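So the structure is just underneath, and the comments pick up after that.
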Amino acid sequence: MTRSALLVLADGRFPAGGHAHSGGAEAAVRAGRIRDAAGLESFCRGRLRTTGLTSAALAAGAAHGLDPAGLDAAADARTPSPALRAAARRLGRQMMRAARAAWPGPELDALAALFPRGAHQPVVLGTAARAAGLGPGDAAHCVVYETVGGPATAVVRLLGLDPYQATAVLARLAPEMDEVAAEAVAAARQGVDALPAASAPLLDLTAEQHAAWPVRLFAS
């Protein structure tokens, strides 16, 4: 296991396509649910405890070596929004390209062959973590960080929010990120059927609305 590999995988400059997605923040800004740093923190906390937990458990399961086909089916079942399912698979394809270049190996090759149109991004991320010699906890931490880091970066661009304030939000959420990652790992160790299915219906609804906008800054 190498901490440097974890830093590479979690780096926002890793070319996995996440910079083009706001994690629902763009729609929340337009609806007035995020107006400032306090609104961003509330949004990120809700996202962390719902879709973040679910995605982190999927990634931890993949890093643990659970059946990727079962994990991808579980991800589909936990993503009712067609727009979010499509986004997850697009991100999965991009993550796969980057991961196979960084850590080529048979498990990533097998997953790419099994899902030529892209597996769900958390499943690919967890498999990439495994290929990099990382464990379930590392994969879960990558996911929980991107769960809140993506919206924080997006809101800086969308609102012109002070980046120092956005970073302070992430720092305040750090203990909760650790808690969610630990919960995700514990669930993954019990198998696919034990994975959490925490949901955020408002994110699903606004994702469908966002996908229909003729002009938008982010892909999702």
Side-chain angles (χ1 to χ4, degrees), residues 2-60 63 84 87-88 91 94-95 98-99 102 121-122 125-126 128-129 132 134-185 198 200 202-203 206-207 210 216-220:
T2 165
R3 183 161 296 176
S4 295
L6 174 59
L7 294 174
V8 172
L9 185 59
D11 194 332
R13 292 163 294 187
F14 191 72
H19 65 280
H21 296 260
S22 76
E26 185 168 21
V29 166
R30 179 178 289 192
R33 286 187 289 273
I34 301 177
R35 300 175 186 270
D36 50 23
L40 172 64
E41 184 168 348
S42 177
F43 177 87
C44 286
R45 179 171 285 109
R47 182 169 160 77
L48 179 64
R49 295 288 183 176
T50 53
T51 59
L53 171 61
T54 300
S55 296
L58 289 164
L84 290 181
L91 285 168
Q94 184 71 13
M95 171 66 74
Q121 190 263 6
L125 188 152
L134 301 171
D138 300 308
H141 273 93
C142 282
V143 170
V144 297
Y145 179 74
E146 72 178 15
T147 294
V148 297
T153 301
V155 169
V156 169
R157 295 173 62 187
L158 290 162
L159 286 180
L161 183 69
D162 183 343
Y164 291 100
Q165 292 185 28
T167 300
V169 167
L170 299 181
R172 287 194 294 273
L173 289 173
E176 292 183 56
M177 286 189 251
D178 288 344
E179 291 173 8
V180 170
E183 186 176 343
V185 171
L202 186 58
L203 284 179
T206 56
H210 182 271
R216 56 183 187 266
L217 184 60
F218 292 92
S220 70

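In this text, all values refer to a predicted model and were calculated from it rather than measured experimentally.
- Annotation for A184 and A140: closest pair CB-CB, 4.4 Å, computed over non-hydrogen atoms.
- For A16 against L91, the heavy-atom pair with the smallest separation is O-CD2, 3.7 Å.
- For the atom pair F14 CZ and L7 CG, the distance stands at 12.5 Å (nearest 0.5 Å).
- Residues P15 and Q94 share a closest heavy-atom pair of O-NE2, 3.1 Å.
- Residues A63 and A129 approach most closely at CB-CB, 4.5 Å, considering heavy atoms.
- Contact between L161 and A166 at its shortest, heavy atoms only, is CD2-CB, 4.2 Å.
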Derivation and outcome, side chain to side chain contact (heavy atoms under 4.5 Å, CB included), residues E183 and L53: CA-CA 8 Å; E183 186 176 343; L53 171 61; 3.6 Å; yes
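- Counting only distance, with no hydrogens or angles, the side chain of S22 and the backbone of P151 share no donor-acceptor pair below 3.5 Å.
- For E26 and R216, the salt-bridge test fails: no basic side-chain N is under 4.0 Å from an acidic carboxylate O.
- Side-chain atoms of L125 and E146, non-hydrogen and from C-beta on, do get closer than 4.5 Å to each other.
- Evaluation of the salt bridge (charged side-chain N to carboxylate O under 4.0 Å, His left out) rule for D178 yields no partner, not counting sequence neighbours.
- How far CD of Q121 is from OG of S55: 7.5 Å, rounded to the nearest 0.5 Å.
- Here the OG1-CZ distance, from T167 to R172, works out to 10.5 Å after rounding to the nearest 0.5 Å.
- Here CD1 of I34 is found 7.0 Å from SG of C44. Values are rounded to the nearest 0.5 Å.
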Start with the C-alpha gap between L134 and H141, add the side-chain angles, then the distance that decides, and say whether side chain to side chain contact (heavy atoms under 4.5 Å, CB included) holds. CA-CA 11 Å; L134 301 171; H141 273 93; over 6 Å; no
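- Between the side chain of T54 and the main chain of T50, a donor-acceptor pair closer than 3.5 Å is present.
- Qualifying salt bridge (charged side-chain N to carboxylate O under 4.0 Å, His left out) partners for E176, counting only residues two or more places apart in sequence or in other chains: R45, R49.
- With rounding to the nearest 0.5 Å, the separation of CG in L203 from CG in L84 is 7.5 Å.
- M177 CE to T147 OG1: the interatomic distance, rounded to the nearest 0.5 Å, is 9.5 Å.
- Nearest approach of A37 to V169, heavy atoms of both residues: O-CG2, 3.7 Å.
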